[in-house]
Each structure stands twice: as C-alpha cells, then as structure tokens.
Amino acid sequence: MDLDSVSSFSSLQALAKLLADPQEEDSDDNDFGSHSSSVSTVGPGNIGPAKKAEPTVTPDVKSGNRKDIWNTEEVPEGSEFDDIWDPREQPEYEILFKQQVGAEDIFLGMSRKNPSTACCEDMLIKIKLPDTKSSDITLDIQDKILDLRTPKKKLLLHLPHPVDSKNGKACFISEKETLEVTLRMKREFDFINFA
C-alpha cells in the first residue's frame, strides 16, 4: 500500500464517521462497509450534531364561519372579474404615461422633472374597439383594475399603478375606433416627485 491510498482511505473513514447516525456510533466497527447503508440515507441536513425537534405552532384562526375556505382579505383585488369561460376576445390596448410640463421645465430645467415615468402624473390607456358604438361600452374603474366590456370584446386590465378611480376621463374616438381613458395616478411617493 502506498501513502496516497492510506491517506485517502483514512479520510473516507473520517467522512463516513462524520456522516454516520449518532445512534450507530455505539458499535465501534472500523469496517468501511458497515457505514454504507447509513451514508446512502444521509443528506446535507444530517451533518453535525442532532437537532432537537422544534415545537409545532398552530396558526391563529380568526373568528367567523369556520366552514369558509378562505378569508375575504386573502382574495386579491379584481379576481371577482376573472371569467375564463367568457368567449369574447381581448382588444388591443396600449398604456402611455403623461406629464404636465411648462417652458420652465423644458428649457430652463427649474423643476426636478425628467422624462421618466416617475415624474408622470397621468396614465393614458388606448383601447382599440373596431365595430363598436360608444353606447355599447361598459367601463368600470377601480384603484388597480380597469374592466371594459362590449358585446364582442372584454378587457380586464390590472393597472401598473394605483389610480384615482373617481376622477378620470374617457373619450371614444369613432374615426379611429379607439377608447382613450385618462386616469390620475395615486402612487405612494408622488409627493416627492411633484413637490
């Protein structure tokens, strides 16, 4: 036997002893084959001293009807509009951002406005509705949801930013067959950008 095989064999024995269960340490066998069954069931979490079992914690159950499957706070906003069985197709739409700028913003740079969407106040949503009259359009806007229904098209749009659902403008341009919806955004840090 040469020196390399002895050192590798002893390192394998040390590794097998490290990976062996603490219950099997009672038998002091130096035979490498006796540890092969325990090594095959050992994973990375078994290395080191045995861990004590942590007590299980039961989650708090809120008062209410115990037969309910979920709580109303757990349901995301807008999921009541999801209707996978509706055969109407989704229209083409485009989301644009608008900002109000003046000459002092563009030429003099007196305000902190820049071309990014962080400095935009309004969101413009253009929805193409071919073969549609303005009287056929049903539009419902919530803080993060735009729901549009026509006899042929249906659009449930989760908006990228919260909006002021009470104050907005919608204009149907019949020449382009496009509905333009302008909404004022209500983001958390707008007071910094528009100070």
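We number each residue from 1, following the sequence as shown.
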Q: Please output the side-chain donor-acceptor pairs of residues 131-139 that fall under 3.5 Å, not counting sequence neighbours, one pair per line with the distance.
A:
unit_1	atom_1	unit_2	atom_2	d
Thr132	OG1	Leu129	O	3.4
Thr132	OG1	Pro130	O	3.2

Q: Mark yes when over 12 heavy atoms from residues, nucleotides or ligands other than Glu92 sit less than 6.0 Å from its CD; otherwise mark no.
A: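 It does not: Glu92 CD has 12 such atoms or fewer within range.
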
Q: Would a 4.5 Å heavy-atom cut-off, applied to side chains only, mark Leu157 and Leu148 as touching?
A: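 With C-beta onward as the side chain, the pair stays apart.
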
Q: With the side chain counted from C-beta on, respond yes when Asp122 and Gln100 share a heavy-atom pair under 4.5 Å apart, and no when they do not.
A: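 Asp122 vs Gln100: side chains touch.
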
Q: Report the residues that fulfil side-chain contact (heavy atoms from CB on, under 4.5 Å) with Pro160, sequence neighbours left out, ordered by chain and then residue number.
A: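 side-chain contact (heavy atoms from CB on, under 4.5 Å) list for Pro160, sorted by chain: Ile95, Phe97, Met123.
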
Q: Between Ile145 and Leu179, is there a shared hydrophobic cluster once you connect ILVMFWY residues whose side-chain heavy atoms come closer than 4.5 Å?
A: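 Ile145 and Leu179: separate clusters.
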
Q: Can you measure from CZ (Arg184) to NZ (Lys98) and round to the nearest 0.5 angstrom?
A: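 These two atoms lie 9.0 Å from each other.
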
Q: What is the distance from atom CG of Leu155 to atom NZ of Lys128, rounded to the nearest 0.5 Å?
A: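 Interatomic distance, Leu155 CG to Lys128 NZ, rounded to 0.5 Å: 14.0 Å.
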
Q: Quick one: are Lys153 and Glu89 in side-chain contact, heavy atoms under 4.5 Å?
A: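 In contact.
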
Q: Which heavy-atom pair separates Cys120 from Gln99 by the least distance, and what is that distance?
A: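 Here Cys120 and Gln99 meet closest at CA-CB, 3.7 Å.
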
Q: Testing Leu146, Thr182, Asp143, Ile141 one by one against Val163 for a side-chain contact (heavy atoms from CB on, under 4.5 Å), which residue passes?
A: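 Going through the options one by one, the only one that passes is Ile141.
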
Q: Determine whether Leu183 and Met185 fall in the same hydrophobic cluster, where Ile, Leu, Val, Met, Phe, Trp and Tyr are linked whenever their side-chain heavy atoms lie under 4.5 Å apart.
A: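 Per the 4.5 Å side-chain linkage, Leu183 and Met185 are co-clustered.
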
Q: Which residues pass the side-chain contact (heavy atoms from CB on, under 4.5 Å) test with Glu94, not counting sequence neighbours?
A: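 For Glu94, the residues satisfying side-chain contact (heavy atoms from CB on, under 4.5 Å) (neighbours in sequence not counted) are Leu96, Lys126.
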
